[in-house]
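Have a look at the structure below, then the notes.
Proteins get letters first, then strands, A, B, ... in listed order; numbering begins at 1 in each.
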Protein chains: 2
Amino acid sequence: MVNLGAEHENLDHKAYLILKNMIISRKLLPGEKIPQEKLAQDLGISRTPLVSALKYLEKEKLVEAIPRRGFYVRLFSKEEMISIFELREVLEGLAARRAAFNIRDSQIQKLRRFFKQFRKSTDITDIKGYATEDRRFHNFVTGIGAKEFLKSILENYNIISYSYQLVSLEGLVRPPNVTIREHRAIIDAISDRDADSAEDLMRQHLKRAIAILRQEIESERQTTAKTA
Amino acid sequence: MVNLGAEHENLDHKAYLILKNMIISRKLLPGEKIPQEKLAQDLGISRTPLVSALKYLEKEKLVEAIPRRGFYVRLFSKEEMISIFELREVLEGLAARRAAFNIRDSQIQKLRRFFKQFRKSTDITDIKGYATEDRRFHNFVTGIGAKEFLKSILENYNIISYSYQLVSLEGLVRPPNVTIREHRAIIDAISDRDADSAEDLMRQHLKRAIAILRQEIESERQTTAKTA
DNA sequence: ATATTGAATTTTGCATGCAAAATACATAAT
DNA sequence: ATTATGTATTTTGCATGCAAAATTCAATAT
């Protein structure tokens, strides 16, 4: 069966993709008001499909609608980042479980190739490259394991990509030489089709990131208290 | 701080609530096409806010938008019901965990009152009443534990209410006298603020429902195979 | 009877217009 | 100088209009 869903692409969907990109790439900044008339003109469309796109983004929490006042790019606090990571923990845990169930042999080959370029280095210096690989890895696993609802939740809420943006260096919460072992363990579990381990390891992996985020909040709070 | 979010209520939001209700209460049936012009007239509004409402419902998966063809009430297969339950498993598990962390003493009192009316009966005959209590219980727990994203996912996707609609008798997957023990165990864990147990028990609770659903699918498949 | 073609009708996607609300701005009052 | 008040401007929410696409339905062909 062929997917014909995207056969026609309406203006509002195009606008949606463009806006999403503008937000993620920081062309529209958090807190900023979205100028409907101007943006519609820039995109060469009317306000109708633009507003339609904004409504989609509102559901995805990328944008906040305030009645009679307009749409604003959403702003996330560190506390909210933690709740996003908590969601990733359980959702990607589920995705890892399902991936272990579903994965095909050809996909195992691909999975095993992740982090190959970082095999030899004890100290990984290419942080940026590692961060990219990290993202690709998580997307690959969820791509195999998450369908339908789980997939749309992970996609819609932009949990993955967003999570990476607001934290520490290059979007990594913890240093590569610590997380690479965990990544390898997850790869092994999924390749062995060990669903329970895959879920557990993925959850532990993300739980540790959450712990770091909580620490950061705590130390910030103390610094602020001292300064004040 | 007072919540002023719902101060103004736009037409599209009103339409959204009405439509959601119409779908849940089966005034609009799964698979049915939504007649925009007629419905707009019935509601006394134009197509603009109606379509806007439909876009919200599309994101919630209650409605499917087919470009140039219109909106259709979504139809869920039993397989999809399973993936919804899998989501409930991890999301309500997280909610139970958070509830155990957050719950206030006054809320513990309330929590302990759930299923009180079924205490004495070894065989619960009021299935409908039990089903209602079941729903209220799950909503209460998620109400305490889920905020922000988790809350909106659970709400938006209507996972809870929807889950109950399409399965077995009165929306219950398993008989009351089996599940009531599990409910009580969850209540105890949350009241004891034992987050790990609360999460684990909630997950086991839902896992068992999933197992039944899988069995039902399997036996259906065999029946169909025989008939065909 | 069933399938095919083609016009008539309906529906969708989008732009536009407009009243009401919100905002910005200028002037007056303290 | 700051606050208050009134006015002009902009923006929002919604209805409406219209072209293009989809659907219906009748007439014709198989």
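Lys33(B) approaches Pro35(B) most closely through the heavy-atom pair O-CD, 3.4 Å.
Note that CE of Met81(A) is 10.5 Å distant from CD of Glu216(A), once rounded to the nearest 0.5 Å.
Of the residues in residues 32-44 of chain A, those placing a heavy atom less than 4.0 Å from an atom of DNA chain D are Lys33(A), Gln36(A), in numerical order.
Atom CD of Glu58(B) and atom C1' of dG13(C) are 14 Å apart (whole Å). To the nearest angstrom, C1' of dT11(D) lies 12 Å from CZ of Phe71(A). When rounded to the nearest whole Å, the span between CG of Asn10(B) and C1' of dT11(D) equals 13 Å. Distance Arg68(A) CZ to dT10(D) P: 17 Å, rounded to the nearest Å. Distance Leu50(A) CG to dT11(D) P: 13 Å, rounded to the nearest Å. Computed from coordinates, the Leu11(A) CG to dA21(D) P distance equals 13 Å when rounded to whole Å.
No side-chain N or O of Tyr130(A) forms a donor-acceptor pair with one of Gln117(A) less than 3.5 Å apart.
Side-chain contact between Ile210(A) and Ile82(A): present, with at least one pair of heavy atoms (C-beta onward) separated by less than 4.5 Å. By the 4.5 Å heavy-atom criterion applied to side chains, Phe71(A) and Gln36(A) are counted as neighbours.
The side chain of Arg69(B) contributes an N or O atom lying less than 4.0 Å from OP1 or OP2 of dT23(D). The shortest distance between the side-chain N/O atoms of Ser46(B) and the OP1/OP2 oxygens of dA15(D) is below 4.0 Å.
Comment: Arg221(B) engages Glu79(B) in a salt bridge, judged by a side-chain N to carboxylate O separation of less than 4.0 angstrom.
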